[in-house]
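Note sheet for the following structure.
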Amino acid sequence: MATWWRALWAYRSYLIVWLLPIFLLPLPIIIATKEAYCGYAIILMALFWCTEALPLAVTALLPLVLFPMMNIMDASEVCLQYFKDTNILFIGGLLVAIAVEHWNLHKRIALRVLLIIGVRPALLMLGFMLVTAFLSMWISNTATTAMMAPIAHAVLNQLQQAPKGKDIEEGNNNPTFELQEPSPQKTKLDNGQVHPVPPGPLHARKQKSREERRFSQGMSLCVCYSASIGGIATLTGTTPNLVLQAQINALSQNANLVNFASWFSFAFPTTVILLLLAWLWLQVLFLGFNFRKNFGLEGQAQEQKKAALQVIQREHKLLGPMSFAEIGVTFFFILLVVLWFTREPGFFPGWADVGFPRNEQGESAVSDGTVAIFISLIMFIVPSKIPGLTQDPEKPTRLKAPPALLNWKTVNEKMPWNIVFLLGGGFALAEGSEVSGLSDWLGGKLTPLQSMSAPAIVFVLCLLVATFTECTSNVATTTLFLPILASMAKAICLHPLYVMLPCTLSASLAFMLPVATPPNAIIFSFGGLKVTDMARTGFLLNITGVLVIMLAINTWGYPIFDLHTFPSWAQSNATSLCVVGQANITTPSP
C-alpha cells in the first residue's frame, strides 16, 4: 500500500494535469454560457498555478487555446494580450538592469555604501537593508539577494571569529555582540540564602555563540525582506506592479493613471516606512533591547571590526577603478530614471506633453515602455571601452572593436522570459473576464459588501492577498485577484485603484515561508534558519506591512490618484447604483 502512495506522489503532477480539467468539466457543460466558460478557464489556471503541476509560464499559455475554442475571444485578440505596452516596459527595464548587473555596477554601489555605514550591528543591518532595497528597486529581487547574501555572510564570518590569545582562554565576550546581559546563575545554600554564581568560561562561550547565531539569522532575514520591500518602490521593481498598471490601463482606456512618477510618489514613502519598521523589528527580535550595545556605544571589538571592514575593502578593491563601461551604464541608468520621472509628472508639463504628438484621445503617444526600449537600444550600440582598435588575442593580425555595453548573448542568458509569458497570461485572463461578462457577474454578486466601510473591506482583502501570496507566486496572485477586485470596486461604487493598489502592494509581503518568494528561498538555502524562525518573524511583518499600506492609501494616496471621486471610466460598465450619483460612494475622506 505504501508503494502505491509513493507512486501516486511521484506522478502527482501528471495526475493533476490530466484529472483536474475532467473534474471541472461539469461547470461549462451544465452552465453553457461565456461566463461559465471563462470561469472554467480561470479556476483551472488558478489550480495549476497553486499546485505548480505545470510551469507557471506554461499555464499562462492556456488562454491561447481555451479562449478561442470556447468562443470567448478570437485567437488574434488573445495573442495581442501577450505583448502589450506593459510587457515592453518590463523587457526594457530588465535590459537596463541586466547591463547594470553585467558590469558589476550594483556590487560597487553596495560595497561603497557599506564602507560608509560601518559594521556596528544595528548600523550594519540597516546598511544591508538600505543597499538591498535600493538595488531591488531597479534590478530583480532574486539577483539582488543572490549578490548581497554572500557579502553579508563573509562580513559576519569576520565579525564572529573569536579573538586570539587571552580572550579565548578566559572566554570573554565580544562587547559589540554582547546584545543582552546574561542572567547570572544562582545557587541555594543549606541556610536558605541564595547567592549568584558568576558565569564561567563555558557559559560565556555558549552565550556568545547564541548571540552570534541570532545575529546571523537577523542579517540573513534582513537581506531577503528588504529585497521584497524595495521592489514595491518603483513601477518596474516587481512584476505585480506592472500587472496592476496593465489592468488599470485596460479599464480606463489608457488614461495614464499609473505611470512611473505617480507610482513612485505613492510607493516610495510606503517603502521607506516599512523598511524602517522592519529594521526596528529585526533589531528588537535578534539583537535585543540594549540599543547602546546594538549601536556599538559600549565598547568596540576592534579586531573583529577591522577584519569585517577589511573584507568589504578587499571586495571593493578587487573591483578596481570605475571602468568606461560602468560610467556609461551609470549615465544611461540615471538618464532613464530622469526621463521616466519627467515624461508626464502631472504637476508640471513633461517632455512628452511638449515635444511629441498626441493620439486621437489627446494623450501622449510615448509611454514609459518607449523610454525603456530607447535607452536599451542605445546600450547595444555604445562601446564598453573608449573607442579604438585593439588586436584580437586569437588572431593578432586582426583588429577588433570593443564590445557594446549590452549584447544579446548576455540578455538571452539573464532575461526571465517566463515572466513575459506569465504577464501575458494574466492580461489575457483579465480581458477574457471583461469580454465574457464574468467580471460584471462577479460585481453584481459582491454588491452586498457596500454596507461595509471601505477601509474595512480593503484591510480584509489585503490580509487575504498577503496570506495567499505566501503559497503562490505574487504574479499569479495579482493576476487572479485584480480582475475580481476591479469588478467588486465598480459594483460597490469604490474607485478601483482604492482596492487594487493596496492589494497589489500586499502581494509583495511574502515574509513567512521559504517558498513564498525566491529571495526567501535563497536565504534559507544558506542554512542557519528554521521555517519557524522565518514564520515567527514574518507574521508580524506581514501585519505591519498591511497597516502601512492602509495608512498610505488613506492619506497621500488620495491626492496622487484622485480617489475622492468615482471615475467616469468605471461608471460606464458599472451597475446603475453608481450612475445615480456620488451620494452613495462609501470611500472615506482622509
Side-chain angles (χ1 to χ4, degrees), residues 88-116 127-152 223 226-239 241-242 260 264 268 271 315-316 318-341 368-369 371-385 402-417 419-420 518-519 522:
I88 298 300
L89 174 59
F90 174 75
I91 293 172
L94 276 181
L95 287 173
V96 177
I98 288 170
V100 170
E101 186 180 344
H102 178 65
W103 294 106
N104 260 346
L105 181 60
H106 61 321
K107 189 173 184 178
R108 184 180 296 276
I109 295 171
L111 294 173
R112 190 63 190 168
V113 173
L114 291 176
L115 283 174
I116 294 172
F128 270 95
M129 293 184 74
L130 290 175
V131 171
T132 306
F134 174 76
L135 294 176
S136 186
M137 290 164 58
W138 314 105
I139 65 177
S140 78
N141 53 15
T142 305
T144 302
T145 307
M147 183 200 71
M148 294 299 296
I151 298 175
V223 171
S226 53
S228 296
I229 294 171
I232 295 174
T234 59
L235 187 59
T236 56
T238 186
T239 316
N241 305 351
L242 295 171
F260 195 91
F264 189 84
F268 182 72
T271 300
E315 290 291 324
H316 188 266
L318 287 174
L319 295 176
M322 283 193 74
S323 63
F324 180 80
E326 287 179 276
I327 296 172
V329 171
T330 303
F331 170 77
F332 288 118
F333 172 75
I334 295 173
L335 178 61
L336 173 65
V337 175
V338 171
L339 290 176
W340 268 342
F341 272 112
D368 288 335
V371 177
I373 295 296
F374 172 68
I375 297 296
S376 303
L377 289 176
I378 293 178
M379 287 188 174
F380 278 100
I381 58 177
V382 172
S384 58
K385 296 180 180 179
L405 291 175
L406 203 55
N407 61 79
W408 186 251
K409 182 181 178 182
T410 303
V411 170
N412 198 35
E413 290 174 352
K414 296 186 176 183
M415 176 69 72
W417 298 108
I419 302 297
V420 178
I522 292 172

Taking the side chain as C-beta and beyond, is there a heavy-atom pair between Trp340 and Leu89 under 4.5 Å? yes
Do any N or O atoms from the side chain of Ser376 and from the backbone of Ala372 form a donor-acceptor pair under 3.5 angstrom? yes
Do the rings of Phe341 and Phe264 sit parallel, tilted or perpendicular, given the 30° and 60° boundaries? perpendicular
Find the distance between CD (Glu326) and CG (Leu405) and round it off to the nearest 0.5 Å. 11.0 Å
Provide the closest heavy-atom pair for Pro402 versus Lys385 in the form atom of the first, atom of the second, distance. CB-CB, 3.8 Å
Val223 and Ala152 have their tightest heavy-atom pair at CG2-CB, 4.4 Å
Going through the distances and angles, do Arg112 and Ile109 end up as a side chain to side chain contact (heavy atoms under 4.5 Å, CB included)? CA-CA 5 Å; Arg112 190 63 190 168; Ile109 295 171; 6.0 Å; no
Are more than 12 heavy atoms from other residues, nucleotides or ligands located less than 6.0 Å from atom CZ of Phe268? no
Residue pair Thr330 / Met322, side-chain heavy-atom distance below 4.5 Å: yes
So Ile151 and Glu315, do their side chains get closer than 4.5 Å, heavy atoms only? no
For Ser136 and Ala227, the nearest pair of non-hydrogen atoms, with its separation, is OG-O, 2.5 Å
Please check: side-chain N/O of Ser384 versus main-chain N/O of Pro403, any donor-acceptor pairing under 3.5 Å? yes
Which class fits the ring pair Trp138 and Phe333: parallel under 30°, tilted 30 to 60°, perpendicular over 60°? perpendicular
Any side-chain heavy-atom pair of His106 and Thr144 under 4.5 Å: no
Might you point out which heavy atoms bring Leu95 and Leu406 nearest each other, and give the distance in Å? O-CD2, 3.6 Å
Going from CD1 on Ile419 to OG1 on Thr239, what distance comes out if it is rounded to the nearest 0.5 angstrom? 5.0 Å
Give, for atom CE of Met147 and atom CD1 of Ile522, the distance between the pair rounded to the nearest 0.5 Å. 11.5 Å
Checking the side chain of Thr234 only, and the main-chain atoms of Met137 only, is there a donor and an acceptor separated by less than 3.5 Å? yes
Testing the basics here: between Asn141 and Thr145, what is the closest heavy-atom pair and its distance to 0.1 Å? O-OG1, 2.7 Å
Report yes or no: does Thr132 contribute a side-chain atom to a donor-acceptor pair with the main-chain N or O of Met129 at less than 3.5 Å? no
Heavy-atom closest pair, residues Phe332 and Val382: CZ-CG2, 3.9 Å
Contact check, side chains of Pro416 and Leu94, non-hydrogen atoms, under 4.5 Å: yes
Would you say Glu413's side chain and Thr410's backbone share a donor-acceptor pair under 3.5 angstrom? no
